[in-house]
Amino acid sequence: MAEIPFTAALNRAMAEEMKQDERVVVLGEDVRAGFFGATSGLVDIFGPERVLNTPIWESGIAGMALGLAVTGLRPVAELMFADFFYLAADEIANQMASWHYVTGGQTPVPIVVRTAAGGGFAIGYNHSQCTEASFLNPPGLKIVAPSTAHDAYGLLKSAIRDDNPVLFIEHKLLYGVPGEVPDEEYLIPLGEAAVRREGKDVTVLAWSTMVGKALQASEELEKQGVSVEVIDARTLVPLDEATLLASVAKTGRLVTVEEGRKRGGVGAEIAATVMEKAFGSLKAPVVRVAAPNIPVPSGPAAEAMHVPSVPSIIGGVRTALA
Amino acid sequence: MAEIPFTAALNRAMAEEMKQDERVVVLGEDVRAGFFGATSGLVDIFGPERVLNTPIWESGIAGMALGLAVTGLRPVAELMFADFFYLAADEIANQMASWHYVTGGQTPVPIVVRTAAGGGFAIGYNHSQCTEASFLNPPGLKIVAPSTAHDAYGLLKSAIRDDNPVLFIEHKLLYGVPGEVPDEEYLIPLGEAAVRREGKDVTVLAWSTMVGKALQASEELEKQGVSVEVIDARTLVPLDEATLLASVAKTGRLVTVEEGRKRGGVGAEIAATVMEKAFGSLKAPVVRVAAPNIPVPSGPAAEAMHVPSVPSIIGGVRTALA
Amino acid sequence: MEAGNVARDPVPIEPKMLLELYRRMVLVRMAETIHKEMLDRQEFYLMGHFGTGQEAVGIGMTAALLPTDYLFATHRGIAEFVGKGMSQEDIWAEYYCRSVGPAKGKGGLHLSDYKVGLVGLVGSLGADYSIAVGAALSSKIQKDGRVTLYSFGEGTSSQSDFGSTLNAAALWKLPLVFGMANNQWCEFAHYSDHVATGDVAPRAEGYGIPWSIADGQDVAAAYAATQEAVDRARRGEGPSFVEFKTYRAGPHFSGEPGAYMAEEDLCRWRERDPLLVAEQRLLAEGVATRDEMDKIAEAARAEVTSAVERARSLPDVTYEEMISGVYAGEVK
Amino acid sequence: MEAGNVARDPVPIEPKMLLELYRRMVLVRMAETIHKEMLDRQEFYLMGHFGTGQEAVGIGMTAALLPTDYLFATHRGIAEFVGKGMSQEDIWAEYYCRSVGPAKGKGGLHLSDYKVGLVGLVGSLGADYSIAVGAALSSKIQKDGRVTLYSFGEGTSSQSDFGSTLNAAALWKLPLVFGMANNQWCEFAHYSDHVATGDVAPRAEGYGIPWSIADGQDVAAAYAATQEAVDRARRGEGPSFVEFKTYRAGPHFSGEPGAYMAEEDLCRWRERDPLLVAEQRLLAEGVATRDEMDKIAEAARAEVTSAVERARSLPDVTYEEMISGVYAGEVK
Ligand SMILES: Cc1ncc(C[n+]2csc(CCOP(=O)(O)OP(=O)(O)O)c2C)c(N)n1
Ligand SMILES: Cc1ncc(C[n+]2csc(CCOP(=O)(O)OP(=O)(O)O)c2C)c(N)n1
Ligand SMILES: [Mg+2]
Ligand SMILES: [Mg+2]
């Protein structure tokens, strides 16, 4: 079993799926070169028709993916930055989200829209956001956000085989992070969370980069005598409510951690759902650790202050325990 | 004091603001004729340069509004249907939402984006949505959704005078509804909810058309011995937390009612916030009455089943009381 | 191009084909007339964006397509749907939101019918520009020989993705035909309020796309101009752009009086009503008699009426039906 | 247009003006060189999208503007910002995110400076097409005599709002000038992968907009072509489109090697480096000596260095500063 970077895991997933299903095509800006490396080299194996560089046209990339999907192909589209979901929002939220429904299921809508989310380069408000929260409300989408190379591989393969549009959120700080990816093929079903660490005092639900920070925070808290259960949501829609509720039933306390803004964030939906379904078990209000309600600030100093940190997660857990 | 329709109240608000501040301009598709009537006749008073018909270009309408706003004017832009917010999402969520911040306040960003939301004509997935939920997460926006002609007038005037981008959500079923609008000018500040009915057993928070349905439900419930406090949020961002929390402190129970979909809806944010700030007062989990997580269906029969109704609000209250 | 009795050389067309296209136009006109009557009697919920006076464009364009070709049609009338082969039964089943419709009644006005290449009608104008590019690209990748026809109105040429679409189509030499009905109205405003130039088609030039302007009142002309473009696409020579000069001889939608339209313009254009133009030619060339035409109209009325009656008599969708089908496959 | 020593008639320009434009180009080159050196030494966080080799476009274009005119500039180098009058102190204060910057250090790479008409640099390419239309419309409504220059790259001509923007500008005869630097690269791909035609400017024709193509290596030519367009706009005659032929003589951004660029192309274009072209003319026409040019470079180094030093020495923004300023006025 090799340790390979997150991008290599994505690359392997795409290459395998393209090999075994010639309907799978990759498109996006500079996907041949591979801006963050995930698609690099695919063109050499599968040729320029199946690995298509597009003009700078985000709504087009999403809309073309939809057109490809409803005419027999299985596009994996790349939008270079998650911020650009808003440029393609009509295609994503109004069109692909509804297409299966309004056509009465005459066609599957097998689309993956991959993107790079989050901060890390300190380049501010249009290249650093986590935008998944705005896409919870549209129907018909699935949303996936892996935290490890292992999951990136297994989830991307499932996403490509899914007959529905999947927003696949990759964090740019994860791309270079290596992880163990078994040599044998495997799939990770969409909609299954992973308990990363068992604990009994409080549940922390996170995804993407925040899982790593939550684990660090829980080690710190362990030393302080607090036993934290860390769940990696992996898929945000559909959410693995069973795993989450089972954990909350045990701990009675929940902290959600997300890099995106708090107001209208993913944590709000999770908090409301857990309250609805497990009010009796909750010993304290669900705590949402998230970014403040501001544009992602420019510059390393401000960016670092803005993104949830290990101390802010510890603070959130402390609040939940208070 | 005259009873005038909702559209006339909007029209009067715009006309007055245009009269007293020549920087106020109106733009959008067919605003001269006035698709739903709110802007009809303004061109005759203020001329075609201040009441500008635009091409069919929603991202342009929003972006032009931003360009007008940062160069000294105060645009009131119309996007014909709330569904089209997604067509202008980059301009709304990425640009106008952040402009004041990223320019360090060198310019105010006085924009109102008016739109017609919700069902009523049974014309389905691209002309019937309530899309405000997707715009809670971006920073820097205000979101207003009046339920009466009286409020439409007072809130629109405040929105036009606000130095920030305001999404102003009008429900198409309200346009023709008359209401009392005093002859004297008045403003309703953004961020102030209205208690529409006092009660002690449960709080219902609604906005737009759902306020009327909540009031009907509360009358029904009154007969059944349940005392419902109905709050009209009026402004969703910033939310009048003080009024809401005071009510929940009294009743201990909250039902949010919205026409939009439940997952990632506005109710999620409100539920999470109330849990966070008033967990001790909550005798039951916050109940979210909302549309199911499907595209707005076509046809009168399906549309009627899909939109929250008086019985479903009563059901929600019953759940909160159980 | 002005309306009126301009002398033109008749565009060559097989007599049988002309008669068939005439029949289709009559069917479209009949369906929309019956639709309007139902609305006038307040018997139906669905507003109509009728294409009265523009039938030759939709019927002419679609006549150049094969059943397997893809069509992205517009809200303006049902000519394109009829021309592409969607049956009255299927249209009305969808309009009435009946579960027997091709989209299980979920489409409503957003007609789709995959068995005849109707991929779907979007509600947000121009959302399908890029979807059509995707469909044409799909055919290029799959080498399936299909052509995609993207139909739109001149008002929609102002929408965001227009330029990007032309660029992508030309860049990849896609089998994509742009068919633009310039009906001179964008809702309640004349198109000179929307479009900087009188003709839109010449824009294609700058993107490296061949273009032409065709008479939208003459179904033979519309057919011929489209056929040329479709043939070019089918030969792998890339996209073309055809602008059809026509006129929306009625209001934007059924719920408004169209008071802003000048009566004399309407009259002038009605002189070149596409049904009239075709009838005159059919008579002049001895292809059909008045009597045969009356029979065509009767048959059309029967076809529409029975489809409407059937749809009306079917039950509304159930809650179960309404709530299902958001995702393909099972999702918890 | 090919690079190389093509014989051209020199475009007329005041000697003093040429010298001043040369000085600006030197300042830009110096600032970007110092920026790159800091990155090489890993002393600075902010990647550079340097405009090396394209300085004549940004400096030439902006020379045609008044201080009150609006400019929508691009990510490609800082020539436009310098040309429009943004000081090195202000640029570096923003780059270092210092609260003394015009945007209180909130802009970072998204430079804005309202006192010199720099409305803001967006991070999503093409988001500012419509914003620029709004600014030009604003001037038309307010009759303030300002011209808006919309600067962009040829890759961004594929973005959604391009066509709609040309249409709106022409429809309303806006005082809007399109200045497109065709530097032949869109990130890691040649522009023939993005744009269907070799020239983009002729697209303007179809929208009813006059266009020209100018030599982007010659600051006098870039200036003259822009001035003509600006004058037309200022006279109320509407928009114009100028395409500048140039070459991105380096990688897309500082963090990549640009290995996909052919060395011989780079060499060929470096022969027509805009600083070299200007220097040769200054010398040939006896406007400046080598010595005077060296002094210009020294002064530029001093100016940049002191601005960098100042910015570096200032404190980071505080949490309070970071968190504030989302809304104008007080919001609870
Ligand atoms: C994105 C979007 N904006 C606005 C509308 C409302 N609308 C429906 S039809 C129409 C006019 C379209 O004009 P044109 O493209 O010329 O087609 P026509 O109606 O003349 O056939 C408008 C603005 C819409 N459906 N979608
Ligand atoms: C909406 C959007 N898509 C993609 C990018 C990433 N990106 C930054 S620069 C660039 C290339 C732009 O090419 P061009 O317009 O020719 O300008 P140049 O970089 O050559 O100056 C791309 C794709 C972006 N910033 N915004
Ligand atoms: Mg039209
Ligand atoms: Mg370029």
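Since the structure is predicted, the reported quantities are computational estimates derived from the model, not experimental observations. Just so we're on the same page: letters track the sequence lines, and every chain starts at 1.
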message: Would you compute the distance between atom CD of E205(C) and atom CD of E205(D) and round it to the nearest 0.5 angstrom?
response: 8.5 Å
message: Testing the basics here: between S160(D) and D161(C), what is the closest heavy-atom pair and its distance to 0.1 Å?
response: OG-OD1, 2.8 Å
- prompt: Heavy-atom distance under 4.5 Å between the side chains of V195(C) and L171(D), does that happen here?
  reply: no
message: At a 4.5 Å cut-off on heavy atoms, which part of S130(C) comes close to chain D: side chain, backbone, both, or neither?
response: neither
message: Please check: side-chain N/O of S164(C) versus main-chain N/O of Q159(D), any donor-acceptor pairing under 3.5 Å?
response: yes
- request: Examine whether an atom of S192(D) lies under 4.5 Å from a heavy atom of chain C, and if so say whether it belongs to the side chain, the backbone or both; otherwise answer neither.
  value: backbone
query: Any sub-3.5 Å donor-acceptor pair from N167(D)'s side-chain atoms to A196(C)'s backbone N or O?
result: yes
